[in-house]
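Along the sequence shown, residues carry numbers from 1.
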Amino acid sequence: MKILMVNKFLYPNGGSETYIFSLGKQLCKMGHEVQYFGMEHEGRVVGNHAESYTSDMDFHTGKLSKLFYPFKIIYSREARRKIRKVLDDFQPDAVHLNNFNFQLTPSILYEIAKYRRDSQRKVRIVFTAHDSQLVCPNHLMQQYISKSLCTKCIGASPWNCTKYRCIHGSLVKSLLGSAEAFLYRSLGTYRLIDTAVCPSEFLKEKLDTCGELKGKTVVMHNFVEQRKTAGDRALQEKPYVLYFGRYSREKGIETLLRVCKRLADIPFVFAGNGDLEEQVNRTENIVNKGFLAGEDLAELIKNAEFSVFPSECNENCPFTVMESLQYGTPVIGASIGGVPELIRDGENGLLYESGNEQQLCSRIETLWKDKTRLAALEKGCEETRFDTVETYCEKLLTYYNG
């Protein structure tokens, strides 16, 4: 089977890229052929035989002042033209869409549908929703200025995004986000998607508010690498509590930093990068390891006493929580979005009210001191099971085949 993997970024940039690269590698191992379509970039690591990619654009830069840039963000003729070259050359049996709004734009859905008609071939369109973009213009379900959780655009007017300046606090960017959502909702564009894969029940519930997707959504929690047990841990001279991920406001870093300062006797290790890195570095009881991946990150996770996931936005199915549990490391996590579907409170980790500094502080302090409870949670991690990438791909193939 031939699968065209579509994602705006074709270089390591975040969770969706980790996802598509892992899928592509596994599908090829299973005897299928995979090519990729997205933006050209100097760091691009995957591609297509036709060597056809769109020009690099960044919705979050000042380039919006250019005359035609706003229109290209909403509807890209270039993306339609470039993906058609790949479709004609590769002739895929399935197109697997991932993050495509704003850079590639939903215009590519029309070209895939046109190719399907012109070629008279059955080409399935599968979409993995890595966030709530199709029903929330800023994709976080959170107002930027007030930081409050928000679902005002879900099943209702997308112009609320403009009203509350939800995209980076910018009126212009929020207006473009609202316009894009209004246009494609009015056109019913997402009816062209055959299957929408939701990594959590939480996100499925949100996407089902889109009439064109209702009845097409399925839940498939993300996959993780094969289990590495707590028994592989090295003896730590200095135990620590771990945070790994982005250093950004929506991830709850500001709240966590205040907690770290209150718990000055507990050593924390952070692994990641982001806008708030300077604040991380200024906190005395935090060792900042910077961005890590592969074995270096794995060692850090499995040797931690426990990890903390303090997100303050509606998370989908975070890899960081799953990876921690798979390495036998319990998680203290914010009870938000799809996180409670992964953390069983009191069994493989602890939940707390997102944004509640006092509650998070109490959870960390209690678990740090209570080694008996920590050992029980570690055992719960050992009993936690997630799909391997192979099992996940076998399920995906049923949707690729229709």
Side-chain angles (χ1 to χ4, degrees), residues 3 5 7 14-27 30 96-99 126-136 139-141 193-208 213-229 244-245 251 297-298 301 307 309 311 313-351 354 377 380-400:
I3 301 109
M5 203 72 68
N7 192 61
S16 64
E17 289 73 46
T18 300
Y19 174 86
I20 65 168
F21 299 154
S22 297
L23 284 189
K25 183 178 179 180
Q26 179 61 37
L27 287 165
M30 295 166 73
H96 188 156
L97 302 175
N98 291 273
N99 288 340
V126 175
F127 166 65
T128 293
H130 296 278
D131 53 40
S132 57
Q133 179 70 60
L134 268 56
V135 292
C136 169
H139 79 264
L140 291 173
M141 290 182 277
I193 294 171
D194 295 306
T195 302
V197 176
C198 304
S200 66
E201 292 284 354
F202 171 81
L203 189 59
K204 180 183 187 302
E205 179 186 324
K206 303 307 178 190
L207 290 193
D208 281 344
L213 290 179
K214 193 167 185 180
K216 298 180 177 182
T217 56
V218 296
V219 176
M220 287 174 58
H221 286 117
N222 289 329
F223 55 86
V224 289
E225 294 295 327
Q226 190 172 359
R227 174 178 297 275
K228 306 290 175 63
T229 67
F244 62 107
K251 292 298 182 182
L297 180 59
I301 297 170
S307 68
F309 187 77
S311 187
C313 65
N314 280 309
E315 294 285 347
N316 190 354
C317 183
F319 277 112
T320 51
V321 172
M322 298 175 72
E323 287 171 337
S324 189
L325 296 175
Q326 284 294 94
Y327 281 105
T329 301
V331 185
I332 295 178
S335 184
I336 195 168
V339 176
E341 297 174 37
L342 306 176
I343 300 175
R344 301 189 306 276
D345 191 33
E347 294 183 32
N348 59 5
L350 301 175
L351 294 170
S354 177
L377 294 179
C381 292
E382 292 296 307
E383 296 168 357
T384 301
R385 296 286 184 270
F386 298 116
D387 280 347
T388 63
V389 65
E390 182 176 5
T391 302
Y392 188 94
C393 283
E394 287 171 354
K395 292 178 181 179
L396 265 185
L397 286 167
T398 63
Y399 300 115
Y400 289 162

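- A salt bridge links K395 and D387; the closest N-O separation between the charged side-chain nitrogens and carboxylate oxygens is under 4.0 Å.
- Between P330 and N348 the shortest side-chain heavy-atom distance does not fall below 4.5 Å.
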**OP:** Could you check L27 against L397 for side-chain contact (heavy atoms from CB on, under 4.5 Å), going step by step and ending with a plain yes or no?
**Re:** CA-CA 9 Å; L27 287 165; L397 286 167; 4.2 Å; yes

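- Ion pairing of K251 with E315 is present here, as a side-chain N (NZ or NE/NH1/NH2) and a carboxylate O approach within less than 4.0 Å.
- The closest donor-acceptor contact from the side chain of N222 to the backbone of C317 lies under 3.5 Å.
- Within the model, atoms CE of M141 and CD1 of I336 stand 9.0 Å from one another, a figure rounded to the nearest 0.5 Å.
- Side-chain contact between Y399 and M220 is present, with at least one heavy-atom pair separated by less than 4.5 Å.
- A centroid separation of less than 6.0 Å is found between the aromatic rings of H96 and Y400.
- Of the possible donor and acceptor atoms, one in the side chain of T329 sits under 3.5 Å from a partner among the backbone N and O of I301.
- Between the side chain of E341 and the backbone N or O of F202, at least one donor-acceptor pair lies under 3.5 Å.
- A donor-acceptor pair is defined here as one N or O able to donate and one able to accept, closer than 3.5 Å; such a pair exists between the side chain of D345 and the backbone of L351.
- Every residue meeting the side chain to side chain donor-acceptor pair (under 3.5 Å) condition with T391, not counting sequence neighbours, appears here in chain and number order: T388.
- With a 4.5 Å cut-off on side-chain heavy atoms, D131 and L203 do not count as touching.
- Taking both residues in full, the closest heavy atoms of P318 and V339 are given as CG-CG2, 4.2 Å, listed atom of the first, atom of the second, then distance.
- For the pair L396 and I3, the minimum side-chain heavy-atom distance is 4.5 Å or more.
- Nearest approach of E382 to G328, heavy atoms of both residues: OE2-CA, 4.0 Å.
- One N or O on the side chain of T18 and one on the backbone of G14 form a donor-acceptor pair closer than 3.5 Å.
- Among all heavy-atom pairs drawn from P199 and A129, the shortest one is CD-O, 3.1 Å.
- The shortest distance between side-chain heavy atoms of T195 and F127 does not fall below 4.5 Å.
- Taking CD of E17 as the start and NE2 of H130 as the end, the distance is 8.0 Å to the nearest 0.5 Å.
- For the pair F244/E323, a side-chain contact is recorded, criterion being any heavy-atom separation below 4.5 Å from C-beta on.
- Nearest heavy-atom pair across L213 and A196 is CD2-CB, 4.3 Å.
- Here the straight-line distance linking atom OG1 of T128 with atom CG of L23 works out to 7.0 Å at 0.5 Å rounding.
- Nearest heavy atoms, F319 versus F223: CE2-O, 3.2 Å.
- A donor-acceptor contact shorter than 3.5 Å links the side chain of S354 to the backbone of S311.
- Going from atom CG of N99 over to atom CD of Q133 covers 8.0 Å, rounded to the nearest 0.5 Å.
- Expressed to the nearest 0.5 Å, how far OG of S132 lies from CD of E205 amounts to 12.5 Å.
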**OP:** Could you check L350 against L377 for side-chain contact (heavy atoms from CB on, under 4.5 Å), going step by step and ending with a plain yes or no?
**Re:** CA-CA 9 Å; L350 301 175; L377 294 179; 4.2 Å; yes

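- Considering CG of L325 and CZ of F309, their distance stands at 11.0 Å, rounded to 0.5 Å.
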**OP:** Could you walk me through whether H221 and L342 pass the side-chain contact (heavy atoms from CB on, under 4.5 Å) test, one step at a time?
**Re:** CA-CA 9 Å; H221 286 117; L342 306 176; 4.2 Å; yes

Original post:
Checking side-chain contact (heavy atoms from CB on, under 4.5 Å) for the pair M30/C393: CA distance, chi angles, key distance, verdict?
Top reply: CA-CA 9 Å; M30 295 166 73; C393 283; 3.7 Å; yes

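- No donor-acceptor distance shorter than 3.5 angstrom exists from the side chain of N98 to the backbone of S16, with no hydrogens or angles considered.
- Between G215 and D208, the shortest heavy-atom contact is N-OD1, 4.4 Å.
- Contact of the V126 side chain with the L97 side chain is not registered, since no non-hydrogen atoms from C-beta on lie closer than 4.5 Å.
- Inter-residue side-chain proximity for C198 and L207 is flagged as met; some heavy-atom pair is nearer than 4.5 Å.
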